[in-house]
A.B. asks: 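Following this message is one structure expressed as structure tokens.
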Amino acid sequence: MKMGQDISTKMNALLKEMGLEEEFKKITSLFSDLFTIKGEETEELKEALHRAPDDLINLIWEKIEDEASYEEISRQQKEESIYEDIPEYFKLRFELMDIARLQLLIQIASYEPVGGMDTATVMNEFVPMGWAFAFSDDNGSVSFAVMKEIKDIIKTVEEPDVKEHMVFMSGIRYMVRTCMGLYGVCTLREVRNIFLMNASEDKNAGKEEAGDVDKILQEFLPFLEEDKELWLDGKYIVSPYFKTEKEYQELLRRQKKNYYIPDADEILSYGAGSMTIKNDEYKAVFRILNREVKDRAQTEEMLAEVSEYVIREDWEIPEIMNCLYDWDVAFSSDRAADKLVRALSI
């Protein structure tokens, strides 16, 4: 919490210094008026919808209803419709949710405090779906509440079948993330091959689901595209790192034909967002490089970036060394540089 307060203090000071303090207050006030509910919190969905501003009702309607136009529908009709559909929509997506997002939703449901970045996630992802609502008091303080209907669905996570399916789908998500991190762009076949090779070693893998992995992937990938984990272009699954077909086609031309197949530990690391596996080889390179850089945080940052290029661009030792020289890494001697090259070669 202290770190969040420090950042907030520094941000306020910067806004004041730039003369933007009042403008920022106006934007914050406008956002609050449009998408938060005035007064006391409630977990009753019907009451929250009845008290919600028109803009928030329209936003939720656009997110979860099929109808493209809502101008001719009355406010009451919208409330009645989304009151029925919000829990159903959540139920459909619940078992497919990113575990980190589900943990955040549970954190709000327990009225635990959340930091600045998590607050942005709640406002951008949960409030527009009607899963949680933001409430503001007379002093402008904002708090969150998860609706009772959503909490009831979350409680089913303890049911064995639900838990097993969520673990399975999280594994699929991690494998897709791994492919995006390793290759940048791939086809359904590469994801399936990684899944099947790891499933054959995992005694807990659901046989029924594993046997129908193509169908599961085809249904799950559009959901991941909606979550901005990737984008789909014909037969290709593309990392959001690439913005155009030209960019990823250029990568395809440079890629090696034989895809590297990661093991379970690498999938867990890449799926959690880290492209760096801190094995014995990494530790050896880290020790040598840190002696020259003399800054652990900077050394870790360098190796994290190098790891991404090694994985995505198939960098070899010359490219790695050139990158380090671009970062102005000055080796104390030729022997020190040779030591690093040997460590990178292992």
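Hydrogens, waters and symmetry mates play no part in the numbers below; they use all other heavy atoms, side chains included. Just so it is clear, the model here is predicted, and its values are computed rather than measured.
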A.B. asks: Does CD belonging to Glu80 count more than 12 external heavy atoms closer than 6.0 Å?
C.D. replies: yes

A.B. asks: Using the rule given for side chain to side chain contact (heavy atoms under 4.5 Å, CB included), can you reason through Thr42 versus Arg51, listing the C-alpha separation, both sets of side-chain angles and the distance that settles it, and then say yes or no?
C.D. replies: CA-CA 10 Å; Thr42 181; Arg51 290 167 53 194; 3.9 Å; yes

A.B. asks: Return the orientation label for the His165 and Phe168 ring planes: parallel under 30°, perpendicular over 60°, tilted otherwise.
C.D. replies: parallel

A.B. asks: Run Glu300 and Phe286 through side chain to side chain contact (heavy atoms under 4.5 Å, CB included) and show every step you take.
C.D. replies: CA-CA 8 Å; Glu300 285 189 355; Phe286 179 87; 3.5 Å; yes

A.B. asks: Give the intermediate values and the outcome of salt bridge (Lys or Arg N to Asp or Glu O under 4.0 Å) for residues Arg75 and Glu79.
C.D. replies: CA-CA 6 Å; Arg75 159 78 189 228; Glu79 281 185 37; 2.7 Å; yes

A.B. asks: Has the side chain of Ser81 got a donor or acceptor atom that lies under 3.5 Å from a matching backbone atom of Lys78?
C.D. replies: no

A.B. asks: Between Ser136 and Val142, which heavy-atom pair has the shortest distance, and what is it?
C.D. replies: CB-CG2, 4.2 Å

A.B. asks: I'd like to know if the side chain of Lys151 and the backbone of Ala109 have a donor-acceptor N/O pair within less than 3.5 Å.
C.D. replies: yes

A.B. asks: Say whether, by atom type as modelled, one donor and one acceptor occur between the side chain of Lys155 and the main chain of Asp152 under 3.5 angstrom.
C.D. replies: no

A.B. asks: Any salt bridge between Arg93 and Glu226, counting N to O under 4.0 Å?
C.D. replies: yes

A.B. asks: Closer than 4.0 angstrom, basic N to acidic O: yes or no for Asp137 and Lys38?
C.D. replies: no

A.B. asks: Between Phe195 and Tyr174, does the ring centre distance come in under 6.0 Å?
C.D. replies: no

A.B. asks: Would a 4.5 Å heavy-atom cut-off, applied to side chains only, mark Ile237 and Met180 as touching?
C.D. replies: yes

A.B. asks: Show your reasoning for whether salt bridge (Lys or Arg N to Asp or Glu O under 4.0 Å) applies to Glu159 and Lys163.
C.D. replies: CA-CA 6 Å; Glu159 296 175 9; Lys163 185 179 290 187; over 6 Å; no

A.B. asks: With hydrophobic residues grouped by side-chain heavy-atom distances under 4.5 Å, do Met129 and Leu34 end up in a single group?
C.D. replies: yes

A.B. asks: Is atom CG of Asp326 surrounded by more than 12 heavy atoms (other residues, nucleotides or ligands) closer than 6.0 Å?
C.D. replies: yes

A.B. asks: Under a 3.5 Å distance rule, please check whether Arg173 uses its side chain to pair with a backbone N or O of Leu96 as donor and acceptor.
C.D. replies: yes

A.B. asks: Does Ile106 belong to the same Ile/Leu/Val/Met/Phe/Trp/Tyr cluster as Val167, with side-chain heavy atoms less than 4.5 Å apart forming each link?
C.D. replies: no

A.B. asks: Looking only at the aromatic ring of each residue, does the gap between the centers of Tyr241 and Trp231 stay below 6.0 angstrom?
C.D. replies: no

A.B. asks: Would you confirm whether Ser110, through its side chain, and Glu112, through its main-chain N or O, come within 3.5 Å as a donor-acceptor pair?
C.D. replies: no

A.B. asks: Mind telling me whether Tyr325 and Phe331 have parallel, tilted or perpendicular rings, with 30° and 60° as the class edges?
C.D. replies: perpendicular

A.B. asks: Taking atom OG1 of Thr299 and atom CZ of Arg291, what is their separation to the nearest 0.5 Å?
C.D. replies: 11.5 Å

A.B. asks: For Val341 and Met321, what are the C-alpha separation, side-chain angles and deciding distance, and is it a side chain to side chain contact (heavy atoms under 4.5 Å, CB included)?
C.D. replies: CA-CA 8 Å; Val341 169; Met321 296 305 290; 4.1 Å; yes

A.B. asks: Any heavy-atom pair between the side chains of Tyr236 and Leu188 that's under 4.5 Å?
C.D. replies: no

A.B. asks: Locate the shortest heavy-atom distance separating Leu251 from Gly184; write the atom from each residue and the value.
C.D. replies: CD2-CA, 4.0 Å

A.B. asks: Is it true that a side-chain atom of Glu292 and a backbone atom of Ser332 form a donor plus acceptor pair closer than 3.5 Å?
C.D. replies: yes

A.B. asks: Using a 3.5 Å distance criterion without hydrogens, assess whether the side chain of Glu247 forms a donor-acceptor pair with backbone atoms of Lys243.
C.D. replies: yes

A.B. asks: Would you say the side-chain atoms of Asp118 pair up with the backbone N or O of Val114, donor to acceptor, closer than 3.5 Å?
C.D. replies: no

A.B. asks: Okay, side chain of Gln107, backbone of Pro113: is any donor-acceptor separation there less than 3.5 Å?
C.D. replies: yes

A.B. asks: Is any side-chain heavy atom of Val238 closer than 4.5 Å to a side-chain heavy atom of Leu232?
C.D. replies: no

A.B. asks: Specify the closest pair of heavy atoms between Ile267 and Pro262, including all atoms of both residues, with the distance to one decimal.
C.D. replies: CG1-CG, 4.0 Å

A.B. asks: For the residue pair Leu45 and Glu149, what are the closest heavy atoms and their distance?
C.D. replies: CB-OE1, 3.3 Å

A.B. asks: Find out whether Pro128 and Lys63 are in side-chain contact, i.e. whether some heavy atom of one side chain is under 4.5 Å from a heavy atom of the other.
C.D. replies: yes

A.B. asks: Does some side-chain heavy atom of Glu43 sit less than 4.5 Å from a side-chain heavy atom of Val146?
C.D. replies: no

A.B. asks: May I have the step-by-step check of side chain to side chain contact (heavy atoms under 4.5 Å, CB included) for Val157 and Phe94, ending in yes or no?
C.D. replies: CA-CA 9 Å; Val157 75; Phe94 168 57; 4.0 Å; yes

A.B. asks: With hydrophobic residues grouped by side-chain heavy-atom distances under 4.5 Å, do Tyr111 and Phe133 end up in a single group?
C.D. replies: no

A.B. asks: Between the side chains of Arg253 and Glu250, is the shortest nitrogen-to-carboxylate-oxygen separation below 4.0 Å, so that they form an ion pair?
C.D. replies: yes

A.B. asks: Does any non-hydrogen side-chain atom of Phe220 lie less than 4.5 Å from one of Val176?
C.D. replies: no

A.B. asks: Quiz question: by atom type and distance under 3.5 Å, do the side chains of Thr187 and Glu190 form a donor-acceptor pair?
C.D. replies: yes

A.B. asks: Is it true that, when you exclude Glu88 itself, more than 12 heavy atoms of the residues, nucleotides or ligands shown sit nearer than 6.0 Å to its CD?
C.D. replies: no

A.B. asks: I want to check something: taking the side chain as every heavy atom from C-beta on, are Met197 and Ile194 in contact at a cut-off of under 4.5 Å?
C.D. replies: no

A.B. asks: Between Arg177 and Asp98, does any NZ, NE, NH1 or NH2 come within less than 4.0 Å of an OD or OE carboxylate oxygen?
C.D. replies: yes

A.B. asks: In this structure, is the centre-to-centre distance between the rings of Phe135 and Phe144 below 6.0 Å?
C.D. replies: no

A.B. asks: Is there a donor-acceptor contact under 3.5 Å from the side chain of Asp295 to the main chain of Gln298?
C.D. replies: yes

A.B. asks: Can you name the nearest heavy-atom pair linking Thr36 to Pro53, along with the distance?
C.D. replies: O-CG, 3.3 Å

A.B. asks: Would you say the side chain of Leu340 lies within less than 4.5 Å of the side chain of Ile320, judging by non-hydrogen atoms?
C.D. replies: no

